[in-house]
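First comes the structure, then the notes that go with it.
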Amino acid sequence: MYAIRTENLIRSFGKLKAVDGLSLEVPTGTVFGFIGPNGSGKTTTIRLLLGLLDPDGGKAEVLGFDTVIQPDQIRARCGALLEYNGLYERLSAEDNLDYYGRIWQMSKSERETRIHQLLAPLDLFDRRKEPIGLWSRGMKQKLAVARTLMHRPNLIFLDEPTAGLDPVASAALREDLKSLAQREGVTIFLTTHNLADAEKLCSRVGVINHGQLLAIGSPEELRSSTSAPRLYLTGKFPQQAIEQIRANPLVKKIEVDSNSLILDLTDLGRSHEIVTLLVRSEAELDEVRKEKADLEEVFLSLVEEERQVGK
């Protein structure tokens, strides 16, 4: 079952196609990462999915509801954290969540129970009486995420939730999101250009640029499909060894540093042939490591490939 389905979704602003033929499926219960640079169409996609914008073409369904015909039903079952966190800084954390609980017509006992359920795992419950204007940005962002979950939605949209956070706060929020998703059983649609967030948090990822979907799959699938197997070597490498490696048909690409080599291979299973060649060429090896490129390298490769095609 899919929480989100789109088919050839299009939205333009004048001559700019912000979303250009977007077709994707987001399975229920997953954390889906929608990654792309600023201006790639991520936020416009969220607004289309929430029924805040009408598409110029194509269609979309969220939780089984049509975004054009049934936007109210969608928004009643979703939570959203967009560019504004929706918090009132003169109010306490408790009062902020209580206010939103009243909007969702939750009873007093429901609100009290839910506030504890959300704040305790985030280590915010003991500070629930404090005006949040005194809090750090990271704490406020945790509370903003809790706000999106107050009414027990089936799906939440988070637009760049770690933007502006320092690395420590970003990592803490990422771990909280992971545990919240598991505990609440909610589908998360996460837009970000922080690829560390996407790689560590998301079970599926879509890459978008200039409004077009470039690739979709698990982080591992994207690494496998768009990047060459890679071999990392450190040590001392005579020039003759480097030249022999460069000429070897197994090697697609070579990066040379003072004491390291990074090789993109056609077949990682034959990496022992490269190691044997280096040893015979009197190279001194300190370390040999096999791995695929990380998600950042995959993303840059996809964007560069799109740029070359568009020339």
Can you get from Leu263 to Leu285 by hopping between Ile, Leu, Val, Met, Phe, Trp and Tyr side chains that sit under 4.5 Å apart? yes
Any chance you could lay out the salt bridge (Lys or Arg N to Asp or Glu O under 4.0 Å) test for Glu175 and Lys142, step after step, and finish with the verdict? CA-CA 11 Å; Glu175 289 305 309; Lys142 286 185 180 186; over 6 Å; no
Evaluate the side-chain contact (heavy atoms from CB on, under 4.5 Å) criterion for residues Arg114 and Leu97: first the C-alpha distance (whole Å), next the side-chain angles of each, then the deciding distance (0.1 Å), finally the verdict. CA-CA 9 Å; Arg114 190 62 173 154; Leu97 294 186; over 6 Å; no
Side-chain heavy-atom pair Ile74, Leu63 within 4.5 angstrom cut-off: no
Please tell me if the side chains of Leu50 and Val62 come closer than 4.5 Å, counting only heavy atoms from C-beta onward. no
Look at the side chain of Thr148 and the backbone N and O of Leu81, then say whether any donor-acceptor pair between them is shorter than 3.5 Å. no
Student check: side-chain heavy atoms of Arg246 and Val256 closer than 4.5 Å: yes
Check: Gly41 main-chain N/O paired with Thr44 side-chain donor or acceptor under 3.5 Å: no
Given Arg111 and Met150, is the side-chain contact (heavy atoms from CB on, under 4.5 Å) satisfied, shown in steps? CA-CA 8 Å; Arg111 297 196 304 270; Met150 185 66 187; 4.3 Å; yes
Residue pair Met106 / Arg152, side-chain heavy-atom distance below 4.5 Å: yes
Exam field: side chain Thr162 to backbone Leu165, donor-acceptor pair closer than 3.5 Å: no
Using the salt bridge (Lys or Arg N to Asp or Glu O under 4.0 Å) criterion, which residues pair with Asp72? Sequence neighbours excluded. Arg75
Applying side-chain contact (heavy atoms from CB on, under 4.5 Å), name anything that partners Glu284, two or more places apart in sequence or on another chain. Lys236
Val251 vs Ile274 side-chain heavy atoms within contact, under 4.5 Å: yes
Verify the neighbour count for atom CD of Gln105: are there more than 12 heavy atoms of other residues, nucleotides or ligands below 6.0 Å? no
Give a yes or no answer on whether the side chain of His151 reaches the backbone of Arg77 with a donor-acceptor pair at less than 3.5 Å. no
Tightest non-hydrogen contact, residues Asp56 and Ser12, listed as OD2-N, 2.6 Å
Donor-acceptor under 3.5 Å (Arg11 side chain, Asp54 main chain): yes
Pairs touching residues 27-36 that satisfy salt bridge (Lys or Arg N to Asp or Glu O under 4.0 Å), sequence neighbours left out: none
Quick one: does Leu48's side chain get under 4.5 Å of Leu22's, heavy atoms only? no
Tell me whether Tyr100 contacts the main-chain N or O of Gly86 through its side chain, where contact means a donor paired with an acceptor under 3.5 Å. yes
Above 12 or not: heavy atoms from other molecules or residues under 6.0 Å from CD of Glu243? yes
Going from CG on Leu122 to CD on Gln141, what distance comes out if it is rounded to the nearest 0.5 angstrom? 12.0 Å
Between Ile46 and Phe13, is there a shared hydrophobic cluster once you connect ILVMFWY residues whose side-chain heavy atoms come closer than 4.5 Å? yes
Residue among Glu112, Glu130, Arg128 satisfying side-chain contact (heavy atoms from CB on, under 4.5 Å) with Glu94: Arg128
Do Leu265 and Ile254 sit in the same hydrophobic cluster, where Ile, Leu, Val, Met, Phe, Trp and Tyr count as joined when their side-chain heavy atoms come under 4.5 Å apart? yes
Do Arg147 and Leu87 have side chains that approach each other closer than 4.5 Å (heavy atoms only, starting at C-beta)? yes
Output yes when a side-chain donor or acceptor of Thr6 lies under 3.5 Å from a complementary backbone atom of Leu24, and no otherwise. yes
Could you state the interatomic distance from CG (Leu177) to CG (Leu190), rounded to the nearest 0.5 Å? 7.0 Å
Kindly say whether Ser260 contributes a backbone atom to a donor-acceptor pair with the side chain of Asp257 at under 3.5 angstrom? no
Are Leu155 and Ile4 close enough that some pair of their side-chain heavy atoms sits under 4.5 Å apart? yes
Report the C-alpha separation of Arg289 and Glu287 in whole Å, then their side-chain angles, then the decisive distance to 0.1 Å, and conclude whether the salt bridge (Lys or Arg N to Asp or Glu O under 4.0 Å) test is met. CA-CA 7 Å; Arg289 190 172 77 254; Glu287 181 184 13; 3.5 Å; yes
Quiz question: by atom type and distance under 3.5 Å, do the side chains of Thr234 and Asp286 form a donor-acceptor pair? no
About how many Å separate CG of Leu149 and CG of Leu118, when rounded to the nearest 0.5 Å? 6.0 Å
Who pairs with Arg47 by salt bridge (Lys or Arg N to Asp or Glu O under 4.0 Å), at least two apart in sequence or on another chain? Glu83
Passes side-chain contact (heavy atoms from CB on, under 4.5 Å), Leu231 versus Leu261? Steps please. CA-CA 8 Å; Leu231 190 66; Leu261 296 178; over 6 Å; no
From Lys42 atom NZ to Phe157 atom CZ, the distance as rounded to the nearest 0.5 Å: 15.0 Å
Is a side-chain N or O of Thr191 found less than 3.5 angstrom from the main chain of Glu160, in a donor-acceptor match? yes
Does NZ in Lys140 sit with more than 12 non-hydrogen atoms of other residues, nucleotides or ligands closer than 6.0 Å? yes
Can you name the side-chain hydrogen bond (donor to acceptor under 3.5 Å, both in side chains) partners of Gln244, sequence neighbours left out? Ser281
Report, as yes or no, whether the 6.0 Å neighbourhood of atom OH on Tyr2 holds more than 12 heavy atoms from other residues, nucleotides or ligands. no
Test of understanding: with salt bridge (Lys or Arg N to Asp or Glu O under 4.0 Å), list the residues that count as partners of Lys253, not counting sequence neighbours. Glu255
CG-CD1 distance between Asn85 and Ile132, expressed to the nearest 0.5 angstrom: 6.5 Å
Derivation and outcome, side-chain contact (heavy atoms from CB on, under 4.5 Å), residues Asp176 and Asp123: CA-CA 10 Å; Asp176 288 331; Asp123 295 324; 6.0 Å; no
Hphob cluster co-occupancy, Leu119 + Trp104, side-chain heavy atoms under 4.5 angstrom: yes
Check for a donor-acceptor pair, side chain of Ser23 on one end and backbone N or O of Asn8 on the other, with a separation under 3.5 Å. yes
Rounded to the nearest 0.5 Å, what's the gap from CG on Leu201 to CZ on Phe32? Could you check? 12.5 Å
